[in-house]
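Accompanying notes for the structure given below.
The analysis underlying the following values was restricted to heavy atoms, covering all of them including side chains, and did not include hydrogens, waters or symmetry mates. In this text the structure is predicted, and so the values were computed from the model without any measurement.
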Amino acid sequence: MSVTDSELADELRELADHPRLAARRDQLNDLADAMTDPGGAGRWCEVDLFAAFAPEDSILVDDEPVDTTSKEPRWRRRLVAGVGPVLVFVPVLVAWLGVMMASGAYGDVLDAGGADAARRPFLEMWQQGFGGRLPWLFEFDGVALCALAGVLCLICWTVYENITRNNREEVAERALRALRVRLRGALTQASLVLGQVRLSSPERFGAELSRTAADIGFVGTTARKVHTELVEALTLTLDATRKTTDALAGSAIDVRDAVELLGGHLAAINSTCDDLAAAVARTSTMIKVSDAAERIPASR
């Protein structure tokens, strides 16, 4: 469901009147006026509303929950909250008041009865009201019953106070979440309205167009610079590759010449070895012939 500008302005004013947004009341009212005033909207067009009205900084959260639905005065809530600590001392007050009244009545009994009255136990005389000198409420049983009643009242009040406080905290937490949702929704609608105002203004449209053109020019300059650097790097790489290829080719020619020279040397060595073997064979033959010639005269 779409929201008109006047409805959005009313929503922003209601948010400005909220107790938790009291610190941003003036800014929210000014933003609400800008929703229906194109001249005033121009001042808000360049403002990031979600950063300016961040819920963490705009919504006040204190120790005491703010319940906007409750009509009970704050002083009465504080008075009710102070009843619990007072009830803690009621049993102690009743016990010491009973002891004080019993001590006074015991003193009267001693003054009237003398040493014979002192022989009776103090607790027994207290239970009996010191001979009618104490009303029933200040007898031992009455004091004990009143102290027990005070303890029971304290327990019941503590349970009641904890339950009601938890309920108030849950209600306040739900109200806080709802307030955050309302604030974000209103800021979203306000951003859409301000965006339309910004685009509909010729001056702002020209400024946006100029800024966009500047950004595009910066991107083009950066791309050209990167392209030039890339071409230079590729040229240096090709030169280094060509030099490396030439060096490898020269090394291959040198290796081939060395292999051919080594082959010639090996062939000469093989030929020399063959000649040496032939000479050794001829020498062996001549030695054998000489030995045979010497053995023939000897046999004769």
Side-chain angles (χ1 to χ4, degrees), residues 14-25 55-182:
E14 291 180 3
L15 290 172
D17 293 335
H18 197 282
R20 289 195 180 276
L21 292 171
R24 313 305 299 274
R25 180 177 290 113
E56 296 79 8
D57 301 329
S58 301
I59 299 178
L60 300 178
V61 180
D62 50 10
D63 296 333
E64 183 178 358
V66 177
D67 189 2
T68 57
T69 62
S70 177
K71 303 302 182 180
E72 184 180 4
R74 179 172 296 182
W75 66 266
R76 184 177 299 176
R77 293 198 301 269
R78 293 181 177 178
L79 180 62
V80 172
V83 172
V86 173
L87 287 177
V88 174
F89 298 98
V90 170
V92 179
L93 177 63
V94 171
W96 281 106
L97 183 61
V99 171
M100 183 185 68
M101 296 296 292
S103 299
Y106 183 64
D108 295 339
V109 170
L110 292 179
D111 292 338
D116 294 335
R119 294 188 181 95
R120 296 179 60 188
F122 176 80
L123 184 59
E124 180 182 354
M125 287 189 293
W126 191 5
Q127 289 176 339
Q128 295 175 358
F130 294 100
R133 290 179 174 82
L134 285 178
W136 176 85
L137 188 63
F138 291 102
E139 292 180 2
F140 181 82
D141 294 338
V143 172
L145 184 61
C146 291
L148 179 61
V151 173
L152 292 177
C153 291
L154 176 61
I155 293 174
C156 294
W157 182 263
T158 302
V159 173
Y160 169 76
E161 181 65 19
N162 288 334
I163 293 175
T164 55
R165 184 175 65 253
N166 292 335
N167 291 334
R168 288 196 303 269
E169 290 177 354
E170 291 178 0
V171 172
E173 183 64 26
R174 288 196 297 269
L176 181 60
R177 289 197 296 268
L179 179 61
R180 289 174 178 171
V181 172
R182 286 183 58 190

With sequence neighbours left out, what residues match [X] under side chain to side chain contact (heavy atoms under 4.5 Å, CB included)?
| X | answer |
| --- | --- |
| V151 | P91, I155 |
| R182 | E11, E14, L15 |
| L176 | R20, I59, V61, E173, R180 |
| V90 | L87, V94 |

*Where is the tightest heavy-atom contact between V88 and V92, given as atom of each residue plus distance?*
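Closest pair (atom of V88, atom of V92, distance): O-CG2, 4.3 Å.
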
*So do the side chains of W136 and L145 get within less than 4.5 Å of each other, counting heavy atoms only?*
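A side-chain contact exists here, since the closest heavy-atom pair is under 4.5 Å.
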
*Aromatic ring centroids of F130 and F140 under 6.0 Å?*
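No, too far apart.
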
*asked:* Going by the rule ring pair (Phe, Tyr, Trp, His ring centres under 6.0 Å), which residues pair with F138 if we only count those two or more places apart in sequence or in a different chain?
replied: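 For F138, no residue satisfies ring pair (Phe, Tyr, Trp, His ring centres under 6.0 Å) once neighbours in sequence are set aside.
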
*Does atom CZ of F122 have more than 12 heavy-atom neighbours from other groups under 6.0 Å away?*
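More than 12 heavy atoms, drawn from other residues, nucleotides or ligands, come within 6.0 Å of this atom.
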
For [X], all residues meeting side chain to side chain donor-acceptor pair (under 3.5 Å), sequence neighbours excluded:
| X | value |
| --- | --- |
| D17 | none |
| R24 | S58 |
| R25 | none |

